[in-house]
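Accompanying notes for the structure given below.
Numbering of residues begins at 1 and proceeds along the displayed sequence.
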Amino acid sequence: SQYFSDIIVNAPVFFNDNNLTFTSNSYYASADGCIGNSFYDILSNYIDAQSRDNDRVLHVIAAGNDGALTCSVYPTSFATIKSGWQCAKDVLTVGAIDNATNIIASLSSRGPVEDGRLKPEIVAGGANVISTFPFNGYGASSGTSMAAPAVTGSLALLTQRYKQLNSNANSPAYLLKALLCNSAIDKGNPGPDFTYGFGNLNTRKAVEDLEAN
């Protein structure tokens with residue numbers, strides 16, 4: 001457990017010392033509102049450079065909760081992915097779906113990012129998720145910050161199976177990302193779109209695809 005982006009900065013050390021292969025990141029480092037959305041910036045470049053040098057580590061990033069904004073010239077909800085970590089190319093950016101209605105949560109940030117790339121890549125349950133609260137409590141929370149940890153936990157299960165099948169070796173991050181994206185349940189427009197990405201997380205199908213080689 002690290003404070004905000006300390007986990008990203010220290011990821012190469014944690015990989016070498018503790019075999020860390022994923023990080024889960026539920027925060028942003030850009031400005032509030034539309035001015036802080038959609039841009040590939042120095043933080044995006046930093047995390048992409050690190051990912052190229054440490055290709056067994058995958059950073060999972062919550063997309064942001066700006067889905068109610070209208071960022072001209074786009075329709076309401078679109079082009080609202082937070083700038084920085086969220087807009088990097090080699091991370092897995094996660095939106096939030098409402099499991100009660102099986103549609104995108106209204107707060108979930110959506111693509112495209114400024115250079116036209118698809119974000120988020122995947123969505124997972126992020127509305128009224130029961131989780132731990134301070135002082136030994138439990139309660140319901142909503143947001144992409146609740147969806148990203150579910151994806152990270154699924155990646156842990158997926159990499160466990162990969163290691164069982166591959167002499168305990170760690171999978172390349174890009175392979176796990178591709179497995180989750182291409183096994184997702186398609187939602188919204190047919191094929192990948194700027195609301196759901198490749199679709200809703202389907203861990204069972206990802207493991208089945210891995211086993212099928």
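In this structure, Q86 contributes its side chain and A62 its backbone to a donor-acceptor pair below 3.5 Å. Under a 3.5 Å cut-off, the side chain of K82 and the backbone N or O of A31 do form a donor-acceptor pair. S108 contributes no side-chain N or O that, together with a main-chain N or O of A105, makes up a donor-acceptor pair within less than 3.5 Å. Judged by distance alone, with hydrogens and angles left aside, the side-chain atoms of K119 form a donor-acceptor pair with the main-chain N or O of A88 at under 3.5 Å. Formation of a donor-acceptor pair under 3.5 Å by the Y196 side chain with backbone atoms of I104 is found in this model. Under the 3.5 Å distance criterion, the side-chain polar atoms of T144 are matched with a main-chain donor or acceptor of G64. In this structure, the side chain of T80 engages the main chain of R110 through a donor-acceptor pair within 3.5 Å. Between the side chain of N166 and the backbone N or O of N168 there is no donor-acceptor pair closer than 3.5 Å.
Pairing each heavy atom of S83 with each of N37, the nearest pair is OG-C, 3.0 Å.
Hydrophobic clustering (side-chain heavy atoms under 4.5 Å, transitive across Ile, Leu, Val, Met, Phe, Trp, Tyr) groups Y174 together with L180.
Side-chain atoms of S131 and S141, non-hydrogen and from C-beta on, never get closer than 4.5 Å to each other. Counting only heavy atoms from C-beta outward, the side chains of L20 and I7 approach each other to under 4.5 Å. Proximity of N45 to Y40: side-chain heavy atoms (C-beta onward) are separated by under 4.5 Å at one or more points. Residues Y74 and P112 have side chains in contact (heavy-atom distance under 4.5 Å, counting atoms from C-beta outward). Inter-residue side-chain proximity for D98 and T101 is flagged as met; some heavy-atom pair is nearer than 4.5 Å. Looking at L210 and L165, their side chains come closer than 4.5 Å, going by heavy atoms from C-beta outward. Between N102 and N200 the shortest side-chain heavy-atom distance falls below 4.5 Å. In this structure, the side chains of D90 and Q50 stay at 4.5 Å or more apart for every pair of heavy atoms.
Annotation: F133 is not in aromatic contact with Y138 [ring centroid separation under 6.0 Å not met].
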Next item on the list: Begin with the C-alpha distance, continue with both residues' side-chain angles, and end with the deciding distance and a verdict on side-chain hydrogen bond (donor to acceptor under 3.5 Å, both in side chains) for D66 and S109.
Entry: CA-CA 5 Å; D66 283 352; S109 290; 4.9 Å; no
Next item on the list: For the pair D48 and R52, evaluate salt bridge (charged side-chain N to carboxylate O under 4.0 Å, His left out) and give the outcome as yes or no after the intermediate values.
Entry: CA-CA 6 Å; D48 277 342; R52 287 191 297 273; 5.1 Å; no
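Few gaps surround CD1 on I130; more than 12 heavy atoms of other groups in view lie less than 6.0 Å from it.
Evaluated for a side-chain hydrogen bond (donor to acceptor under 3.5 Å, both in side chains) with N170, the options T21, T159, N19 yield exactly one hit, N19. For the side-chain contact (heavy atoms from CB on, under 4.5 Å) with F198, the lone residue among I185, L118, D186 that qualifies is L118.
Rounding to the nearest 0.5 angstrom, the gap separating the OH atom in Y28 from the CZ atom in F4 is 10.0 Å.
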